[in-house]
Amino acid sequence: HRGRPGERMALLRRVGARALPALFRESLDAELVSSIAQVLASQLSEASACAPSGGDAADVSFAVEVLEALSRTPRFDSSCACLTAEERRVCRSLLDGLAERGIGEDRIQPLRGAYDEPEHATAAATADEDSDEPPIEEPPPAASAAPTAAFEPAPRV
């Protein structure tokens, strides 16, 4: 199903959004989150091409339900933390498309927060990008506190 978004979408529909948290309880990873977002984005693009008014309302509703369900999966946060910049762009674009198709901010905003880059990663990247200074190198490990044989005092006689 990997190269065929239509078949992957049909599989997602058969499983249903409500079953996703239980199904991916221990196996959700960044690649799977990305793959699902790409399938949803592909479906919405096709629906828009066929119906210029914004696509099929059922497709839009299903996409939101899937994104919400994934965000309730136990490993979701750690999976999202591993998304690449391109995978995050796909998620943001998908959310923007859903907002353009009439999904209210009350539903989109929590999803933006869930699928967005973690704050600590953004702050670290911004700090690194803004600095003209070379990165600070870590100091070498401290010498062992235990004396070695060469430095031990000679025994008293």
Side-chain angles (χ1 to χ4, degrees), residues 1-139 141:
H1 296 287
R2 198 153 184 70
R4 296 171 276 197
E7 289 181 22
R8 290 172 32 207
M9 186 67 177
L11 181 61
L12 258 179
R13 285 191 183 281
R14 274 195 303 268
V15 169
R18 294 171 103 178
L20 295 176
L23 180 66
F24 296 132
R25 180 179 53 244
E26 300 297 325
S27 62
L28 187 68
D29 62 14
E31 184 178 359
L32 191 53
V33 171
S34 171
S35 176
I36 290 171
Q38 289 171 348
V39 166
L40 294 171
S42 173
Q43 180 66 30
L44 290 177
S45 291
E46 286 178 25
S48 285
C50 295
S53 64
D56 183 13
D59 288 334
V60 172
S61 179
F62 182 71
V64 172
E65 290 169 13
V66 167
L67 294 173
E68 288 172 338
L70 287 177
S71 71
R72 292 189 303 270
T73 302
R75 292 181 38 84
F76 178 79
D77 291 339
S78 59
S79 298
C80 272
C82 296
L83 290 172
T84 66
E86 177 59 22
E87 291 166 336
R88 277 185 203 293
R89 188 196 63 72
V90 169
C91 291
R92 277 193 301 272
S93 176
L94 174 59
L95 292 169
D96 291 345
L98 292 169
E100 290 169 7
R101 287 169 175 84
I103 299 300
E105 280 300 310
D106 59 318
R107 288 186 78 188
I108 291 292
Q109 205 53 42
L111 290 172
R112 287 189 196 283
Y115 286 84
D116 204 7
E117 191 167 7
E119 282 186 36
H120 67 277
T122 305
T126 302
D128 288 346
E129 291 170 5
D130 290 344
S131 176
D132 290 334
E133 299 294 320
I136 299 172
E137 293 184 24
E138 293 294 319

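Checking side-chain atoms of R89 against main-chain N and O of T84 turns up no donor-acceptor pair under 3.5 Å. Side-chain atoms of S45 come within 3.5 Å of backbone N or O of A41 as a donor-acceptor pair. Remark: side-chain polar atoms of Y115 are paired, donor with acceptor, to backbone N or O of L67 under 3.5 angstrom. R101 contributes a side-chain N or O that, together with a main-chain N or O of G97, makes up a donor-acceptor pair within less than 3.5 Å.
For the pair A19 and V15, the tightest heavy-atom approach, listed with the atom from each and the gap, is CB-O, 3.5 Å. The two residues P74 and P21 come nearest to each other via the heavy atoms CD-O, 4.3 Å. The minimum heavy-atom distance linking A37 with C91 is given by the pair CB-SG, 3.9 Å. Closest of all the heavy-atom pairs between V33 and S79 is CG2-CB, 4.1 Å.
Qualifying salt bridge (charged side-chain N to carboxylate O under 4.0 Å, His left out) partners for R72, counting only residues two or more places apart in sequence or in other chains: none. When the salt bridge (charged side-chain N to carboxylate O under 4.0 Å, His left out) test is applied to E105, no partner is found at least two apart in sequence or on another chain. Not counting sequence neighbours, the partners of V66 by the side-chain contact (heavy atoms from CB on, under 4.5 Å) test are A17, L20, I36, L40, F62, L70. R13 is linked by a salt bridge (charged side-chain N to carboxylate O under 4.0 Å, His left out) to D59, counting only residues two or more places apart in sequence or in another chain. Evaluation of the salt bridge (charged side-chain N to carboxylate O under 4.0 Å, His left out) rule for E68 yields R107 as partners, not counting sequence neighbours.
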Verify side chain to side chain contact (heavy atoms under 4.5 Å, CB included) between Q109 and L95, making sure each step is shown before the conclusion. CA-CA 9 Å; Q109 205 53 42; L95 292 169; over 6 Å; no
Give the intermediate values and the outcome of side chain to side chain contact (heavy atoms under 4.5 Å, CB included) for residues D116 and R92. CA-CA 8 Å; D116 204 7; R92 277 193 301 272; 4.3 Å; yes
Determine, step by step, whether V90 and L83 satisfy the side chain to side chain contact (heavy atoms under 4.5 Å, CB included) criterion, reporting the C-alpha distance in whole Å, the side-chain angles of both residues, the deciding distance to 0.1 Å, and the verdict. CA-CA 10 Å; V90 169; L83 290 172; over 6 Å; no
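Here side chain to side chain donor-acceptor pair (under 3.5 Å) pairs that include residues 17-30, with residues two or more places apart or in two chains, number zero.
Under the 4.5 Å side-chain criterion, counting only non-hydrogen atoms from C-beta, R4 is not in contact with V39.
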